[in-house]
Amino acid sequence: MARVVKVDSSESWDFYVSQAKDQGCPMVAHFTASWCIPSVFMNSFFEELAFSYKDALFLIVDVDDVKEVASRLEVKAMPTFLFLKDGNAMDKIVGANPDEIKKRVDGFVQSSRVVPIA
């Protein structure tokens with residue numbers, strides 16, 4: 001089963017953001033385009049990340065399919081990786097830089113974990 005959810009409409013984006021917010025789940029969104037080779041190259045890397053960080057929600061958004069969301073979040077270049085918590089963008093990486101993306105995802109997910117009070 002795929003760990004990365006494909007967002008195909010503005011409504012589905014809003015649904016996943018709302019769901020992640022309700023569950024206190026960090027979100028990582030990969031804004032891509034089928035015509036952008038670096039974006040396509042990052043797809044399998046993004047899938048691997050999703051398997052490593054099971055307590056985060058990973059979304060893939062094709063900017064040509066969901067223009068409103070890309071525009072609303074001011075995504076202007078592909079690939080763009082957006083980190084969201086409670087529905088708010090906390091961090092953004094533009095470009096295909098696997099090492100930096102992995103480092104940021106790791107830090108973001110770690111900082112989002114809730115430590116139970118004993």
Side-chain angles (χ1 to χ4, degrees):
M1 186 181 110
R3 291 269 315 144
V4 176
V5 179
K6 182 169 177 25
V7 173
D8 54 12
S9 70
S10 188
E11 294 75 24
S12 72
W13 170 265
D14 293 340
F15 169 79
Y16 287 115
V17 169
S18 171
Q19 191 179 50
K21 192 175 174 181
D22 292 347
Q23 296 171 0
C25 176
M27 263 177 64
V28 183
H30 172 199
F31 287 84
T32 183
S34 57
W35 45 263
C36 176
I37 300 306
S39 278
V40 173
F41 169 76
M42 292 302 290
N43 287 345
S44 60
F45 170 76
F46 197 64
E47 282 276 350
E48 287 170 28
L49 272 181
F51 276 103
S52 302
Y53 298 95
K54 294 187 177 6
D55 46 359
L57 175 61
F58 286 78
L59 303 177
I60 190 160
V61 183
D62 187 313
V63 294
D64 293 322
D65 294 343
V66 195
K67 288 186 175 79
E68 324 81 78
V69 173
S71 164
R72 196 179 347 153
L73 295 167
E74 298 179 359
V75 172
K76 295 178 172 60
M78 271 46 74
T80 291
F81 296 87
L82 206 55
F83 300 82
L84 298 102
K85 181 148 177 60
D86 299 326
N88 301 309
M90 308 299 285
D91 197 4
K92 179 195 277 192
I93 297 177
V94 178
N97 184 339
D99 293 340
E100 183 61 23
I101 293 161
K102 183 174 184 345
K103 195 168 83 179
R104 297 254 196 111
V105 167
D106 189 58
F108 180 63
V109 172
Q110 297 290 341
S111 72
S112 298
R113 288 205 173 107
V114 177
V115 179
I117 298 168

**Q** Determine yes or no for a side-chain-to-main-chain donor-acceptor pair under 3.5 angstrom, with S52 supplying the side chain and E48 the backbone.
**A**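 The answer is yes, because a donor-acceptor pair under 3.5 Å joins these two groups.
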**Q** Same hydrophobic cluster for F81 and I37, using side-chain heavy-atom links shorter than 4.5 Å among ILVMFWY?
**A**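 Each belongs to a different hydrophobic cluster.
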**Q** Return the orientation label for the W13 and F31 ring planes: parallel under 30°, perpendicular over 60°, tilted otherwise.
**A**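 Rings of W13 and F31: tilted, 30 to 60°.
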**Q** So, taking the atom named CD1 in I60 and the one named CG in D8, what distance separates them when rounded to the nearest 0.5 Å?
**A**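 The CD1 atom of I60 sits 12.5 Å away from the CG atom of D8.
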**Q** Is the shortest heavy-atom distance from the side chain of V109 to the side chain of D55 under 4.5 Å?
**A**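 Sidechains of D55 and V109: in contact.
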**Q** Between T32 and V61, is a side chain to side chain contact (heavy atoms under 4.5 Å, CB included) present by the stated rule, with each step listed?
**A** CA-CA 6 Å; T32 183; V61 183; over 6 Å; no
**Q** I need the Y53 OH to K102 NZ distance, nearest 0.5 Å.
**A**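 Interatomic distance, Y53 OH to K102 NZ, rounded to 0.5 Å: 3.5 Å.
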**Q** Would you name the heavy atoms of H30 and S39 that are closest together and state the gap between them?
**A**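 That would be CE1-O, 3.5 Å.
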**Q** Looking only at heavy atoms, what is the nearest atom pair of S12 and V7, with distance?
**A**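 Between these two residues, the closest heavy atoms are OG-CG1, 3.4 Å.
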**Q** Can a salt bridge be assigned to the pair R72 and D14 using a cut-off of 4.0 Å between side-chain N and carboxylate O?
**A**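 A salt bridge is present here (some side-chain N lies under 4.0 Å from a carboxylate O).
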**Q** Could you pull out the closest heavy-atom pair between S10 and V66, with the gap in Å?
**A**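 Shortest heavy-atom separation between S10 and V66 comes out as N-CG1, 3.8 Å.
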**Q** When rounded to the nearest 0.5 angstrom, what is the spacing between CG in L49 and CZ in R3?
**A**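 The CG atom of L49 sits 11.5 Å away from the CZ atom of R3.
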**Q** Let me check something: do M42 and V94 share a hydrophobic cluster, defined by ILVMFWY side-chain heavy atoms less than 4.5 Å apart, either directly or through other members?
**A**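 The answer is no; the residues belong to distinct hydrophobic clusters.
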**Q** Does atom CD of E74 have more than 12 heavy-atom neighbours, drawn from other residues, nucleotides or ligands, at distances under 6.0 Å?
**A**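 Check fails, neighbour count at 12 or below.
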**Q** Is there a donor-acceptor pair closer than 3.5 Å between any side-chain N or O of K54 and the backbone N or O of F51?
**A**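 Checked: pair present.
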**Q** Could you walk me through whether D65 and V63 pass the side chain to side chain contact (heavy atoms under 4.5 Å, CB included) test, one step at a time?
**A** CA-CA 5 Å; D65 294 343; V63 294; over 6 Å; no
**Q** Decide if atom NZ of K21 counts as having more than 12 heavy atoms of other residues, nucleotides or ligands within a radius under 6.0 Å.
**A**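 No - once you tally the heavy atoms of other residues, nucleotides and ligands closer than 6.0 Å, there are 12 at most.
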**Q** Are V40 and V28 grouped together when hydrophobic residues (ILVMFWY) are joined by side-chain heavy atoms under 4.5 angstrom apart?
**A**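 In one cluster with V40: V28, no.
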**Q** For the pair E100 and R104, find out whether any cationic side-chain nitrogen is under 4.0 Å from an anionic carboxylate oxygen.
**A**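 Answer for the salt bridge query: yes.
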**Q** According to a hydrophobic-cluster definition based on side-chain heavy atoms being under 4.5 Å apart (Ile, Leu, Val, Met, Phe, Trp, Tyr only), do F41 and V4 belong together?
**A**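 Linked, F41 and V4 end up in one cluster.
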**Q** For residues M27 and Y16, report the shortest heavy-atom separation together with the two atoms involved.
**A**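 Nearest pair, atom of M27 first, then Y16: SD-O, 4.0 Å.
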**Q** On a heavy-atom basis, which atom in M78 and which in C36 lie closest, and how many Å separate them?
**A**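 Looking at all heavy atoms of both residues, the closest pair is O-SG, 3.7 Å.
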**Q** I would like to know whether F46 and I101 meet side chain to side chain contact (heavy atoms under 4.5 Å, CB included); could you show each step before the answer?
**A** CA-CA 9 Å; F46 197 64; I101 293 161; 5.6 Å; no
**Q** Looking only at heavy atoms, what is the nearest atom pair of D64 and D62, with distance?
**A**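 Distance-wise, the nearest heavy atoms are N-OD1, 2.8 Å.
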**Q** Start with the C-alpha distance between L57 and V5, add both sets of side-chain angles, then the distance that settles side chain to side chain contact (heavy atoms under 4.5 Å, CB included), and finish with yes or no.
**A** CA-CA 8 Å; L57 175 61; V5 179; 4.2 Å; yes
**Q** Same hydrophobic cluster for M90 and F58, using side-chain heavy-atom links shorter than 4.5 Å among ILVMFWY?
**A**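 As far as the 4.5 Å side-chain criterion goes, F58 and M90 are connected within one cluster.
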**Q** Around atom NZ of K103, are there more than 12 heavy atoms from other residues, nucleotides or ligands closer than 6.0 Å?
**A**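 Not buried by this count: 12 neighbours or fewer within 6.0 Å.
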